[in-house]
Amino acid sequence: MHLVEETPYRFRLDPHGAMRVPGVVFASRDLIADAEQSLQQVANVATLPGIVGASYAMPDIHWGYGFPIGGVAATAVDEGGVISPGGVGFDISCGVRLLAADCDRARLAPAFATVMDGLDRAIPRGAGPGGVWRPGPGELDHILEGGARYAVARGYGEERDLVRCEDGGAVDDAEVREVGERARERGLGQVGSLGSANHFLEVQQVSDVYDESAAEAYGITVGQICVMIHCGSRGLGHQICTDHVRVMDRAMARYRITVPDRQLACTPVDSPEGRAYLGAMAAAANYGRANRQLLAYAAREVFRRAAGVHLSLVYDVSHNLAKLETHPVDGRPRRLCVHRKGATRAFPPRHPDLPADLREAGQPVLIPGTMGTASYVLAGVAGGDAFASTCHGAGRRMSRHQAARTVTGRELRARLERAGIAVRPRSWRGLSEETPEAYKDVGAVVAASEGAGLCRTVARLVPLGVVKG
């Protein structure tokens, strides 16, 4: 795959074959040295009907289902543009929530072990059922419709949690009738749970602040304790993706759509199938928001009881979602369906969708590192590319099977604890699959994102303790 380096951190893949637009990859040469398979997916996405601008890839690009993880593509809704579940992924509305404590490390230190043990008991995790909250009859529909708003209304949070959450805590156009019975069954027993794989809850400390005014707006300072939560919509989101991919795969011929990879199954956004998926996806997104809200509630209770510490929400944002947004294309505003898969929305300062207290700073972007490495808080910037999108994390460079062969879970835990990081795993195998060596250098990913003009760096956070599935 021949890439042309246009500027540092920006490469172009010229249209060829059935590509309707070019591919654009934001990265350094080192970050994409082994990305041939993912780059083919960038080219495949560029063939989607109605795609505008380019098929974009973020610096953390790696192979995914249909779209590469780290892929961004927008289609023109009013011109037959399509929506593809492969452009969202199975873990719909997987995202990151950051909470800031009203204490520093010195104040937390006497209670730190108690806090970690409390989190170990209070945070449900693993591949199966189990959650903070078991909804009663009919309550699952309220969660699918109301997301974090419903959880807060039931007493699992505070009003600021909704102000500082993407979409005010819930996507308004959820259609619960488009969520199948099997998805409901899978989701009912997992409300308020981390899951497994790369999902985690991490206790962190702010080590560096690079943008004082933005950090002040966000509510974070050097030395402060924070809690980062990374999870999504669990089995419910996975089943919704599976169900709607099957429907679209059967429907494509009716719309005379052909794609180079069946994992890119799609239909026009305004088709019955497209609207059904959008409604079900929004319901899964609300489940994901409620999920993180409930985990935040559980973490707050542990910190309150063990250390007398309060956690306030900095921000909550998804990185697996398709959203209807208006962006300028070819000099005029266009109504677009923006797919972000393993990519984070990064609205600039003064964007009308940001809460008033964040509007001058720009949207917070939360970038988790890997166990033992730093995480970052970024901010959206004016003139950002790829429909105001940026990276979402470090990006895998090693399969889970490969990672587990390099180190045992017990060895990894011992290594991390020697580095001063407390580890509370649910599974030794799951821990070894997430060894830091399985991922790209998150600092290099953040540097490439900033170098490409997609965001700016606000703060760096270092891990003190991690709770893993």
Side-chain angles (χ1 to χ4, degrees), residues 1-29 31-32 35-64 66-84 86-88 259-261 264 266 269 319 321-348 380-392 395 445 448-449 451-455:
M1 197 72 63
H2 180 64
L3 292 175
V4 177
E5 186 171 3
E6 295 185 313
T7 62
Y9 303 115
R10 183 186 177 103
F11 294 81
R12 185 184 75 254
L13 177 63
D14 286 328
H16 59 273
M19 290 174 67
R20 302 169 190 263
V21 295
V24 172
V25 181
F26 303 105
S28 65
R29 287 197 177 274
L31 288 171
I32 54 173
E36 191 69 19
Q37 195 176 15
S38 307
L39 294 175
Q40 182 59 57
Q41 291 188 310
V42 172
N44 291 346
V45 170
T47 70
L48 291 176
I51 189 170
V52 298
S55 170
Y56 294 99
M58 300 296 118
D60 47 340
I61 178 177
H62 55 291
W63 184 87
F67 274 55
I69 298 169
V72 175
T75 60
V77 176
D78 300 326
E79 298 165 33
V82 298
I83 185 167
S84 173
V88 173
V259 291
D261 180 354
L264 291 174
C266 58
V269 177
H319 49 233
L321 213 55
K323 303 189 81 169
L324 301 182
E325 299 173 358
T326 298
H327 292 272
V329 178
D330 298 329
R332 62 186 177 92
R334 306 274 286 279
R335 182 169 169 255
L336 306 177
C337 179
V338 184
H339 301 73
R340 296 184 180 96
K341 178 182 179 177
T344 312
R345 188 192 76 178
F347 281 163
V381 294
D385 212 330
F387 309 105
S389 308
T390 190
C391 61
H392 87 302
V445 168
S449 300
L454 302 176
C455 57

Open item on the list: Quick one, Asp330 with Val52, criterion side chain to side chain contact (heavy atoms under 4.5 Å, CB included). Give me CA distance, side-chain angles, the key distance, then yes/no.
Closed with: CA-CA 9 Å; Asp330 298 329; Val52 298; over 6 Å; no
If we only count heavy atoms from C-beta on, is the [X] to [Y] side-chain gap below 4.5 Å?
X      : Y      : value
His339 : Phe67  : yes
Val25  : Met58  : no
His2   : Leu13  : no
Val338 : Arg340 : yes
Ile61  : Leu31  : no
Glu325 : Arg345 : yes
Asp385 : Tyr56  : yes
Thr75  : Pro49  : no

Exercise: identify the closest heavy-atom pair between [X] and [Y]:
X      : Y      : value
Val21  : Gly53  : CB-O, 3.7 Å
Ala452 : Phe26  : CB-CD2, 3.7 Å
Ala343 : Gly71  : CB-O, 4.2 Å
Phe347 : Ala388 : CD2-CB, 3.9 Å
Ile83  : Ala322 : CD1-CB, 4.2 Å
Gln41  : Pro68  : OE1-CA, 3.3 Å

TODO: Identify the residue among Thr47, Asn44, Val45 that makes a side-chain contact (heavy atoms from CB on, under 4.5 Å) with Asp261.
DONE: Asn44
TODO: In plain terms, say whether Asp14 and Arg12 are close enough for a salt bridge, that is, a side-chain N and a carboxylate O under 4.0 Å apart.
DONE: yes
What's the separation between atom [atom1] in [X] and atom [atom2] in [Y], rounded to the nearest 0.5 Å?
X      : Y      : atom1 : atom2 : value
Glu79  : Ile51  : CD    : CD1   : 13.0 Å
Ser38  : Ile32  : OG    : CD1   : 10.5 Å
Leu454 : Cys391 : CG    : SG    : 8.0 Å

TODO: Kindly indicate, with the supporting measurements, whether the criterion side chain to side chain contact (heavy atoms under 4.5 Å, CB included) is fulfilled by Val77 and Leu324.
DONE: CA-CA 8 Å; Val77 176; Leu324 301 182; 3.9 Å; yes
Task: Partners passing ring pair (Phe, Tyr, Trp, His ring centres under 6.0 Å) against His327 (at least two apart in sequence or in another chain) - done: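 His327: ring pair (Phe, Tyr, Trp, His ring centres under 6.0 Å) contacts with Phe387.
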Task: Pro8: side-chain contact (heavy atoms from CB on, under 4.5 Å) partners, not counting sequence neighbours - done: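 side-chain contact (heavy atoms from CB on, under 4.5 Å) list for Pro8, sorted by chain: empty.
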- [ ] Provide the full list of salt bridge (Lys or Arg N to Asp or Glu O under 4.0 Å) pairs with a residue in residues 15-29, sequence neighbours left out, each pair given once.
- [x] Glu5-Arg29
Open item on the list: Checking Arg335 against Thr326: is there a side-chain donor and acceptor pair closer than 3.5 Å?
Closed with: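 Looking only at side-chain atoms, Arg335 and Thr326 do not form any donor-acceptor pair under 3.5 Å.
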